[in-house]
Each structure stands twice: as C-alpha cells, then as structure tokens.
Amino acid sequence: MADRDDFAQWYQDLVYKTELADESPVRGCMVIRPYGYALWENMVRLLDDRIKATGHENAYFPLFIPRSFLEREAEHVEGFAPEVAWVTRAGKEELAEPLFVRPTSETVIGHMYAQWVQSYRDLPLLYNQWANVVRWEKRTRPFLRTTEFLWQEGHTVHRTEDEAQAETMLILQQVYQDFLEKELAIPVIAGLKSESEKFAGALRTYSLEAMMGDGKALQSATSHNLGQNFARSFDIKFQDSDGEVKIAWTTSWGASTRMVGGVIMVHGDTSGLRMPPRVAPIQAVIVPIWRKDEEREAVATLVAEVEGSLRAAGVRVKSDWREERPGFKYSHWELRGVPVRIEIGPRDAQNGQVVLVPRTDRSDKRTVAREAVAERVSALLAEIQQTLYDQALEFRKGRTYTANDYEEFQTLMADRDRLGFVEAWWCGDAACEAQIKAETQATIRCLPLEQPEGNGACVHCGRPSSAWAVFAKAY
RNA sequence: CGGGGUGUAGCGCAGUUGGUCAGCGCGCAUGGUUUGGGACCAUGAGGCCGCCGGUUCGAAUCCGGCCACCCCGACCA
C-alpha cells in the first residue's frame, strides 16, 4: 500500500483492500460492496438534491432499446455501436428486432419526448434518471471504467438554442462543479471539449477535468448541448406561440460511479483512502481502549454518551468494539479513510475527555472535554473537508505548466514525476490534436471556460491560435 | 483486436532435471497470554495443483489442445 510509485497497482489494491468493491465473475464488471455503496449513496443524495433544486424531476426509462433507435442519429451510432451489448434471444425465441442494452439513453428518451412535446407550453422538459448502463469497453478498471456502471443522466428539451445552452452551463457549473468541489473536495477545470473528444451526436460537449494523484486527468462529469441533432432524428417538435412548428433543442448530462475513482485517486495517500467528510460513509470512528473489565465498563459509558451526542448532531459515527488491539483498529480505519478517529481509554473516562485524531494529520491529536465533543467533531469534519480540497488544489497548481514550444511540451509529458496538466495555445486543427496524441499520449482535456486574452502560436504547428487548451494524459 | 505474462488453500506465493512435492506467509477457527500505533504462543480447519486429452509402473511437474485472467497498446464516462 505504501508504494504509490506504481499508481495503478496502488489504486487497485486500495479498492479491494478497503472493501469498496470486489471483482465479479464477469470480466469488466465489479461488485460494489457496502462500504463503496454507502459512499455512492451519499454522493447520489447530494447530487440529486442539486438536480432537483435546479428544477429537474426524476423518471425512469427502460434498459432495453430497439435496434432501429440506435441508427437514427448518424454520429451517435458511429460513436456507440462498437461498445453496445445486444439481446437477440428471449428464452428459445429469436427476437424479431434485436434490443440493445443502453449505453446511454438519448435515443429511447428522445422517442418518448417526441410524444410528450406538442406545444411551447410543454417546454422546458427537465428530466433526470438514475440508472445502470452498459458499455463493452476493451479495457476496464474498477470504478474508472467498468462494463456496467451506475450514473445519472439528465435529458432536457428547450424552446430555444439559448435556453439549451443556458441549461448545459447551469448543469456543468451550478450542479456538477459545485458538487465535485464542495462535496467531494475535488477541484475541477470547466471547459469545452474539442470536436474529436465531444459526445457522439452532440453540438458541444463540456466537461469537468480533475487531476489525479499521478498527474493524469479524469473527466469527472459531462454536459452536452445536443443542439437540434437528436430532436431532428427523433422528431421532437413543438408549435411555438407564433403558430409555427419548430424543432426543439435538447441537452443531456451525466455523472457516474467513476467519481468514486476520482475520490480515491485525488485524496488517497500511502496509508489508504481519505474520505471527504461530506460523503464519508463513516465520519467518525470511536476506538475504545481498555485492559480490565472495570476499565471497559467505564470506557463503555463514555463511548455510549459520545456516540449518542454525535449521532444527535448528525455525525455518521461508529464504535469499534472488536476484540483487536487499538493499533490494529487505527490502521484499519485509516486505510478506509475515516476522517476522524476518537480514542476513548481509561485515562479519558477518568478525566471526562476524549482524543480526536484527524485522518489528514495523525500527529495532530486533540484532547476534548466530553461536553464539547459534538461541536468539536463537527468543526473538525469541516476543517478536514477544506484541507482535502486545499491540498488537491495545491497539488494541481504545482503540476500545471505552460508550454511555450513543442519540445517543452514533450519533455513535460514524458516526465513521470512531474506529469500533470500542460496549458498551451492550440490552432483548432484536429490533425494537430491527433498528432500530439500520437506523439505524447496527451489529449486536449478541454478548452477552459476562462480563456486568456489575445492569442498565440499553436504549441504543435506554430500557426496563430486563439484557443487556450489544457492538455494531459487521461484515464 | 495485436504484443507479453500468469493459472497450486479465501489472498499472496514456493515447489516444475517425473517418485516424502501437497508446502510457506497472511487470513480463518478454538484456547490462553496480551491491549494508548498493525501482538504472541499452542492446536486446528481448508486444495480433483485452470480444464480436456496423451506419454508413463507413476504427472502439479513432460507433450498436445482448450479456457480464463492480468499487464502493455488501439477504443472509451
């Protein structure tokens, strides 16, 4: 576990050792275990709150979709066909029309929307669904890329292009960016995807890019302005107030269990996970310490009291009464990333105090009076949440570079110990982008929303460029 | 789908000139001593050595075929 030099191995070991997930009998699929699922549930709750707060409603659409639907949007087919799983038989019967397992639901939802939208008065239509999807990827990694994964996908319909664009940005920034930064303590860069990296069938794709502990980028959420592409293919039309029949504008946006991988890779350290308190399945763990029976009794009384007051204060707390030595329990919970450890031993029972130890700094032990525990733990959780964010941002800043020429660019991308984000001008030519990828493995993660003034020379070809891009190796 | 690798106890591995080669560490069970940073002792449970076939008196070990998984690429949230 201490070996983070082999980051991929460190990551995988951590996922399994901490019991977040386990391998399944089916290649590329994983079992999300209770500890991992509890984390996901907390993420779902906080993200769902934001989705609803911005006016969206949840619905559910079917897992199976008729083959013909996939073929309706040309770019969409091309993009997803290679990784689609098919159902061709039910029992002994061959199906008249094969069904595919949704890799995403634009098609079936578009089909339904066409029936539900008649008038401009029906708009906007703002629905979201929480679902599983299947993409038959060649190469998988737990949470980061699994054959089946869990996510939410929002699908909206609008009257005007401006409205659709506003929705796309609202989701990107007010929903996803806010969620990632405030709840997961993961700083992200919001930006526009290049043409070659955009969603199959979209007009424009925006994403949030986060830097992992090895300097690679993880696309953590995406928001697509689909323009009228899907509306045209699926016949989503409405009669406007001027009496004219118009084609609608749609968006879609998604965030998945991949974000769990982000939490691991952004915050994890050589001792294991570091759960952001806001989503930690267990925010504080009480480790009772005793030798003799009478000590245990005195300790138990204080543990019960502290546990009660923490629970009353809304803290997710657990007492670890297992017959193990304290040191064993410390490392056990550190590995699992519990933000705060509370040690309660005979000395503490005697003095009416407890010892708080933040996961972010084990040497920072704090002795707290029993009456003040709830307040102090709550404050400490907030402090840890902030510390994790600050450290992640600091790390990203330290590994973000500006490349003035291609040689410098290549040097940066080749140095494993300094690997990170490289910002540079880009001419906008897909050929240039492809060559950079072929030569350095780095891709354009996004064109950040915040663009510098003026323009410069493309880092690859030197032609005049007005686009400022973030390049990185990506997951 | 190309290149490389590995299949032996729940996990990690050793054993592969054919015959005390069914073993080690961790974990697990029971009992005891321990307990403020990953304890120790004792006693146990647990494996058709990936699968199928062949060679042989005898195969984890040699031969042939198959399967699975992992790593590195191309594809991707």
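Letters A, B, ... mirror the listed sequences (proteins, then strands); counts begin at 1.
Of the options A/W253, A/Y127, A/W130, a ring-ring contact (aromatic ring centres under 6.0 Å, His included) to A/H56 is made by A/W253 and by none of the others.
Side-chain contact annotation: A/T54 with A/Q174, donor-acceptor N/O pair under 3.5 Å absent. With 3.5 Å as the limit, one finds no donor-acceptor pair spanning the side chains of A/R258 and A/Q219.
The nucleotide whose nearest atom lies closest to any side-chain atom of A/R325 is, among B/A77, B/A39, B/A74, B/A39. Distance from the side chain of A/S256 is smallest to B/A77 among B/A39, B/G37, B/A77. Counting only heavy atoms from C-beta on, A/D348 has its side chain closest to B/G36 among B/G36, B/G37, B/A77. Checking B/A77, B/G38, B/C71 against every side-chain atom of A/Q12, the shortest atom distance belongs to B/C71. The side chain of A/K365 approaches B/G37 more closely than any other nucleotide in the set B/G37, B/G36, B/A77. Here the nucleotide nearest the side chain of A/F328, chosen from B/C71, B/G38, B/A77, is B/G38. Of the candidates B/G37, B/A39, B/A77, the closest approach to any side-chain atom of A/E137 belongs to B/A77. You'll find that the side chain of A/S331 is closest to B/G37, out of B/A77, B/U34, B/G37.
Dashed line: the shortest gap from a side-chain N or O of A/Q441 to OP1 or OP2 of B/G73 is under 4.0 Å. The shortest distance between the side-chain N/O atoms of A/Q9 and the OP1/OP2 oxygens of B/C71 is not below 4.0 Å. Distances shown here put every side-chain N or O of A/K17 at or beyond 4.0 Å from the OP1 or OP2 atom of B/G12.
The aromatic ring centres of A/F64 and A/F69 sit 6.0 Å or more apart. Ring centroid separation for the pair A/F409 and A/Y406 comes in under the 6.0 Å cut-off.
When the P atom is used for both B/U20 and B/G58, the distance is 15 Å, rounded to whole Å. Between B/A45 and B/G10, the distance separating the two C1' atoms is 13 Å to the nearest Å. Taking atom P in both B/C52 and B/G38, the straight-line distance is 47 Å, to the nearest Å. Across the P atoms, B/G27 and B/G18 are found 37 Å apart, a figure rounded to whole Å. B/U56 sits 38 Å from B/G44 when the C1' atoms are compared, rounded to a whole Å. Taking the C1' atoms as reference points, B/G5 lies 24 Å from B/G47, given to the whole Å. Using atom P as the reference point in both B/A14 and B/G73, the two lie 25 Å apart (nearest Å). Across the C1' atoms, B/G19 and B/A59 are found 10 Å apart, a figure rounded to whole Å.
Base-pair partner of B/G12: B/C24 (Watson-Crick or G-U wobble, both distances under 3.5 Å). Of the nucleotides present, none pairs with B/A74 by Watson-Crick or G-U wobble criteria with both distances under 3.5 Å. Pairing of B/C67, defined by two Watson-Crick or G-U wobble distances under 3.5 Å, is identified with B/G7. In a base pair of the Watson-Crick type (N1 to N3 plus N6-O4 or O6-N4) or a G-U wobble (N1-O2 and O6-N3), with each distance short of 3.5 Å, B/A59 is matched with no nucleotide. Nucleotide B/G46 forms no Watson-Crick or G-U wobble pair with any nucleotide shown, as no partner meets the under 3.5 Å limit on both distances. For B/C40, the paired nucleotide is B/G32, the pair qualifying as Watson-Crick or G-U wobble because both relevant distances are below 3.5 Å.
The residue A/F149 sits close to a base: some heavy atom pair falls under 4.0 Å. Nucleic acid contact class of A/R341 (heavy atoms, under 4.0 Å, all strands): base. If you check every strand for non-hydrogen atoms under 4.0 Å, A/K193 touches nothing. Note on A/V355: a base of the nucleic acid sits closer than 4.0 angstrom, heavy atoms only.
Of the two residues near RNA chain B, A/E343 and A/T257, the one whose nearest nucleotide lies more 5' is A/E343. RNA chain B is contacted by both A/F143 and A/A349; A/A349 maps to the nucleotide lying nearer its 5′ end (nearest heavy atom per residue).
Using modelled atom types, one side-chain atom of A/S331 and one backbone atom of A/F328 make a donor-acceptor pair closer than 3.5 Å.
Using cut-offs of 30° and 60° for the angle between ring planes, the A/F149 and A/W151 rings count as perpendicular.
Below the 3.5 angstrom threshold, one finds a donor paired with an acceptor across the side chain of A/E334 and the base of B/G37. Remark: the A/R291 side chain and the B/G36 base include no donor-acceptor N/O pair separated by less than 3.5 Å.
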